[in-house]
Enquirer: 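Here it is, the structure in full.
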Amino acid sequence: MAVATAQPQEMEVIPSRWARAWKALGKFIMTKPLGAIGGAIIVVMILAAVFAPQIAPYDPYELNQTLQFGAPSLSHPFGTDEFGRDLFTRIIYGAKIALIIGFSASFLGATGGAIVGVVSAYMGGRTDLIIQRIVDILLAFPLLILALAIASVLGRSTFNLVIAIAIPVIPRTARIVRSSALSAKELVYVEAARAVGSSHIRVMFRHIIPNIMAPYLIILTAQLGSAILTEASLSFLGLGQAEPEPSWGLMLSGGAPLYAEKAPWVAIFPGVAISLAVFGFNLLGDSLRDALDPRLRGRT
C-alpha cells in the first residue's frame with residue numbers, strides 16, 4: 001500500500017517542479033527583457049553548434065579556388081574567403097569552438113577562483129594575507145595580457161588555450177567570492193558546525209560554498225563572453241586555434257586585414273558573430289546579477 005500511494009505523489013511533484021520552473025522563466029522574461037534577448041542569442045548559438053552538420057550547407061574545410069572571395073549570394077549567404085570556403089558554414093562550426101573553449105575556460109576559472117576565495121575567507125590570518133597578495137599581483141595584469149603571456153609559454157593547442165584563458169579568471173572570481181564567503185563564515189549554523197567538531201573541508205563545502213553560489217553563477221555567465229572574446233583575440237594574434245580550424249578569431253586574422261576593401265564580408269560576418277556572442281552573454285550575466293542579488297531583486 002505504501003508503494004502504491006507513493007507513486008502518484010511522486011508523479012505530482014514532477015509537474016509542480018516544471019510548473020515552478022516555467023513560472024520562474026516567464027517572470028524572468030517579463031522583468032528582464034534584455035536578459036531574455038541575451039538568452040535567446042545564446043540558445044541560437046548553442047543550437048547552431050550542436051546541429052552544425054545538419055545546418056551547414058558545405059564542408060567547413062573544403063577548398064575551392066574558383067570561388068575565391070565570392071560575394072554573398074543565395075548559394076553562399078555570407079560569401080567565401082580567400083580559399084573559397086563558405087563563410088556561413090565556417091561561422092556555424094566556429095560557434096562550437098567558441099562555446100567549448102568559452103565554457104571550459106569559464107568553468108575552470110570560476111570554479112578555481114571560488115575555491116580559492118572560500119579557502120582564503122575561511123582560513124583567514126596569514127593564509128588569507130598571502131592568497132590576497134598573490135591575487136593582487138595577478139589582478140595588476142589585464143586579462144588579455146596575462147592570457148597572452150600564458151599562451152606564449154604553454155604553446156599552441158586547445159588545452160593550453162583553455163588554461164591560458166582560465167587562469168586570469170581565477171583572481172577576479174576569488175576576490176568577489178571571498179567577500180561573500182566572509183559574510184557566510186559568520187552565520188550561526190556555520191559556527192555551530194565548527195563547534196561540534198566538523199572538519200574545515202566539510203564546513204567549507206557543506207555550509208559556505210552553497211551560500212556563494214549566486215555570485216559564482218553570475219561570474220560564470222559574465223566571464224563566458226569575456227572568454228569567447230579572449231579566445232578570438234588570441235587566435236587573431238596567432239596563439240589560439242591554427243588553420244584550418246573554423247575559429248572566428250582566426251577568420252579575422254587570415255585574409256580579412258589584407259582584403260578589407262576587396263572582400264569586406266570576410267571580416268564583417270566573423271566580427272558580427274563574435275560581437276553577438278559577447279553581447280548575449282553580457283546581457284544574460286547582467287540580468288542574472290540583478291535577479292539573484294537580494295539588493296537588486298526588487299528592481300525591474
Side-chain angles (χ1 to χ4, degrees), residues 18 21-56 60 77-78 87-111 113-114 143 147 158 161-162 165-166 168-169 172-173 176 213-235 240-241 245-252 268-293 296 300:
W18 279 106
W22 282 110
K23 184 178 179 180
L25 179 61
K27 182 180 178 181
F28 180 81
I29 293 174
M30 294 299 296
T31 58
K32 308 293 179 186
L34 291 179
I37 293 173
I41 294 173
I42 295 169
V43 169
V44 171
M45 185 178 175
I46 293 174
L47 291 176
V50 172
F51 297 104
Q54 290 75 31
I55 299 174
F78 292 173
L87 279 177
F88 178 70
T89 297
R90 289 180 63 80
I91 287 175
I92 290 176
Y93 276 89
K96 182 178 181 179
I97 293 176
L99 286 174
I100 290 175
I101 295 177
F103 273 109
S104 301
S106 298
F107 177 77
L108 288 177
T111 303
L143 189 148
T158 301
L161 185 59
V162 170
I165 298 173
V169 177
R172 289 160 174 80
T173 307
I176 297 173
M213 290 307 295
Y216 168 78
L217 292 174
I218 294 169
I219 296 168
L220 177 63
T221 307
Q223 288 297 329
L224 278 167
S226 178
I228 291 174
L229 184 60
T230 303
E231 183 275 327
S233 301
L234 292 176
S235 296
Q241 296 294 311
E245 292 298 325
S247 167
W248 292 341
L250 200 58
M251 295 180 204
L252 290 175
I268 290 175
F269 291 112
V272 169
I274 295 171
S275 300
L276 280 177
V278 175
F279 181 66
F281 280 111
N282 286 345
L283 282 179
L284 182 61
D286 290 342
S287 297
L288 283 178
R289 179 200 62 196
D290 295 344
L292 296 176
D293 192 333
L296 303 173
T300 56

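The chain is numbered in sequence order, starting from 1. On a predicted model such as this, the values are computed, not experimentally measured, just so you know.
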Enquirer: So, do Ile165 and Leu234 sit near enough that their side-chain heavy atoms are less than 4.5 Å apart?
Expert: yes
Enquirer: What pair of heavy atoms forms the shortest contact from Ala232 to Ile274, and how long is it?
Expert: CB-CD1, 3.6 Å
Enquirer: For Phe88 and Phe78, take the angle between the two ring planes, folded into 0 to 90°, and tell me which bin it lands in: parallel under 30, tilted 30 to 60, perpendicular over 60.
Expert: perpendicular
Enquirer: Quick one: are Ser106 and Val169 in side-chain contact, heavy atoms under 4.5 Å?
Expert: no
Enquirer: Hey, could you give me the CG/CD distance between Leu47 and Gln54, rounded to the nearest 0.5 Å?
Expert: 11.5 Å
Enquirer: Go through Ile41 and Phe281 one step at a time and tell me if the side chain to side chain contact (heavy atoms under 4.5 Å, CB included) criterion holds.
Expert: CA-CA 8 Å; Ile41 294 173; Phe281 280 111; over 6 Å; no
Enquirer: Roughly how far, to the nearest 0.5 Å, is the CD1 atom of Ile97 from the CG atom of Leu161?
Expert: 10.0 Å
Enquirer: Of the non-hydrogen atoms in Met251 and Pro246, which two are nearest, and what is the gap between them?
Expert: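 Scanning both residues, the minimum pair turns out to be CE-O, 3.6 Å.
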Enquirer: Does a side-chain heavy-atom distance below 4.5 Å link Arg172 with Ile219?
Expert: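 Result no, sub-4.5 Å side-chain heavy-atom pair not found.
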Enquirer: If every non-hydrogen atom of Ala48 is compared with every non-hydrogen atom of Ile55, which pair is closest and at what distance?
Expert: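 Smallest interatomic distance, heavy atoms only, reads CA-CD1, 4.0 Å.
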Enquirer: Could you state the interatomic distance from OG (Ser233) to CG (Leu143), rounded to the nearest 0.5 Å?
Expert: 9.5 Å
Enquirer: Shortest non-hydrogen contact from Ser235 to Ser247?
Expert: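 Taking every non-hydrogen atom into account, OG-OG, 3.4 Å.
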Enquirer: Can you measure from CD1 (Ile228) to CG (Leu276) and round to the nearest 0.5 angstrom?
Expert: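 The CD1 atom of Ile228 sits 11.0 Å away from the CG atom of Leu276.
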Enquirer: Give a yes or no answer on whether the side chain of Trp248 reaches the backbone of Ile91 with a donor-acceptor pair at less than 3.5 Å.
Expert: yes
Enquirer: At what distance, to the nearest 0.5 angstrom, does CZ of Arg90 lie from CG of Leu250?
Expert: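 One gets 7.0 Å once the value is rounded to the nearest 0.5 Å.
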Enquirer: How far apart are the closest heavy atoms of Ala105 and Ala227, and which atoms are they?
Expert: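 Shortest heavy-atom contact: CB-CB, 4.5 Å.
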Enquirer: Grab the two heavy atoms, one from Ala56 and one from Thr89, that are nearest each other, plus how far apart they are.
Expert: CB-CG2, 3.6 Å
Enquirer: Return yes when atom CZ of Phe107 has more than 12 non-hydrogen atoms of other residues, nucleotides or ligands closer than 6.0 Å, and no otherwise.
Expert: no
Enquirer: Got a second to check how far Leu87's CG is from Ile92's CD1, nearest 0.5 Å?
Expert: 11.5 Å
Enquirer: Between Leu284 and Leu224, is there a side-chain heavy-atom distance shorter than 4.5 Å?
Expert: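 A side-chain contact under 4.5 Å is absent here.
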Enquirer: So, do Pro33 and Ile37 sit near enough that their side-chain heavy atoms are less than 4.5 Å apart?
Expert: no
Enquirer: Using atom types as modelled and distance alone, determine if a side-chain donor or acceptor of Thr173 lies under 3.5 Å from a backbone N or O of Gly113.
Expert: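 No; zero donor-acceptor contacts below 3.5 Å.
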Enquirer: Below 4.5 Å, heavy atoms only, C-beta onward: do Thr111 and Tyr216 meet side chain to side chain?
Expert: yes
